[in-house]
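Since the structure comes first, as structure tokens, the remarks are kept for the end.
Computed over heavy atoms, backbone and side chain alike; hydrogens, waters and symmetry mates excluded. Note on naming: letters A, B, ... go to the chains in the order of the sequence lines (proteins, then strands), and numbering restarts at 1 for each one.
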Protein chains: 2
Amino acid sequence: MDLDSKDREIIGILAKDARISIKALAAKIDLSRSATSERLSKLERSGVIRGYRADIASQDPALISAFLLIRLERTPMHSLLDTLAAFPAVKRVSSVSGELDLIVEVEAQTMEALNTVRDRIAVSGGVCDLTTSIILRDEIQRA
Amino acid sequence: MDLDSKDREIIGILAKDARISIKALAAKIDLSRSATSERLSKLERSGVIRGYRADIASQDPALISAFLLIRLERTPMHSLLDTLAAFPAVKRVSSVSGELDLIVEVEAQTMEALNTVRDRIAVSGGVCDLTTSIILRDEIQRA
DNA sequence: TTCGCTTCCGACCAAAGGACGGTTGCACCG
DNA sequence: CGGTGCAACCGTCCTTTGGTCGGAAGCGAA
């Protein structure tokens, strides 16, 4: 699916305010409601717009985050991915090239909870080496 | 602002589908439309819900991302942060504890662009050691 | 030119939403 | 104990919004 400028306008507006009405959206991009509605549902059907998410303020600013830098005994390691996915604390897992094999981002309420996750992962089969880097501060964060 | 279980239900539902109608939302949490609407606007006013965003599929699957794992000669290193912030390719910078000092996430159109960023950062004053981990795949990604 | 396709518009009618009055439950206090 | 204020809820009224349709316009291919 290729997007024209109107489609990109729609995406840009919805990226900032996903609950805007079709009418207001139509006015912004200077099209009729029906045409806008049709374009929108096409963008949804084609998968360009994957969904709409509420942006929730972190209820607990005391959350502790860390990167776990993992070397595996061999790759790929599907069972470990299942293990990781089972932890709600695991926010992101990326396969990477180089010395490391996986970079895992975790987030927990307490240092204790973080350690528990870390230990459970460390003793999982296939993990050769695991380094924990606690995030002290997010210096830069962009969309 | 403290949230009860209904509020958390609302948040959970909207986090997955921010364009759901108030009526459908009300039905899901078993409250009237008006009560649901009132709770929702309170959540918005109080800042618990910061906004609503369309989840846009990456139009360019050819984007290359990497983590740069950085050790500094000394910390903190404010000038380096300014340098990093100047690159649009730099998506996130976290100060971490342990062996490493900074974990930088970068995203570029081409491997060449990525390398340029990497090199520019590597020769910046204060960088003691820099390891690049190209992201091969994002295995898990959560809100 | 004529066909087929896409995109647009306006109109219709059903669905959704804002606003309001009234009820209930509960904490507070004289 | 009874009264008062408050917060949350409900259902209803009426406006706004949205999905859908038929028809028009633009455009490329046959």
Give the minimum heavy-atom separation between Met77(B) and Leu72(B), together with the two atoms involved.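 Answer, listing the atom of Met77(B) first, then Leu72(B): CB-CD1, 3.7 Å.
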
To the nearest Å, give me how far apart [atom1] ([X]) and [atom2] ([N]) are.
X: Leu25(A); N: dT16(D); atom1: CG; atom2: C1'; answer: 16 Å
X: Arg19(A); N: dA16(C); atom1: CZ; atom2: P; answer: 12 Å
X: Ile22(A); N: dC9(C); atom1: CD1; atom2: C1'; answer: 16 Å
X: Glu38(B); N: dC10(D); atom1: CD; atom2: P; answer: 12 Å
X: Asp7(A); N: dT6(C); atom1: CG; atom2: P; answer: 15 Å
X: Glu44(B); N: dG17(C); atom1: CD; atom2: C1'; answer: 13 Å
X: Arg39(A); N: dT6(C); atom1: CZ; atom2: P; answer: 14 Å
X: Leu40(B); N: dA16(C); atom1: CG; atom2: P; answer: 16 Å

Check whether Arg53(A) reaches the backbone of Asp55(B) with its side chain - one donor and one acceptor, N or O, closer than 3.5 Å. no

Starting at the 5' end of DNA chain C and moving along, which residue's nearest nucleotide shows up first, Ser34(B) or Lys23(B)? Lys23(B)

More than 12 non-hydrogen atoms from neighbouring residues, nucleotides or ligands closer than 6.0 Å to CZ on Arg74(A), yes or no? no

Rounded to the nearest 0.5 Å, how far does CD1 of Ile13(A) lie from CD1 of Ile29(A)? 6.5 Å

For Ser32(B) and Ser21(A), take the nucleotide of DNA chain D holding the closest heavy atom to each; which residue's nucleotide lies nearer the 5' end?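 First, find each residue's nearest nucleotide; the 5'-ward one identifies Ser32(B).
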
Cluster overlap Leu31(B) with Ile49(B), hydrophobic side-chain contacts below 4.5 Å: yes

It should be established whether [X] places a side-chain nitrogen or oxygen under 4.0 Å from OP1 or OP2 of nucleotide [N].
X: Lys42(B); N: dA8(D); value: yes
X: Arg33(B); N: dG18(C); value: no
X: Lys6(B); N: dA8(D); value: no
X: Ser37(B); N: dG18(C); value: yes

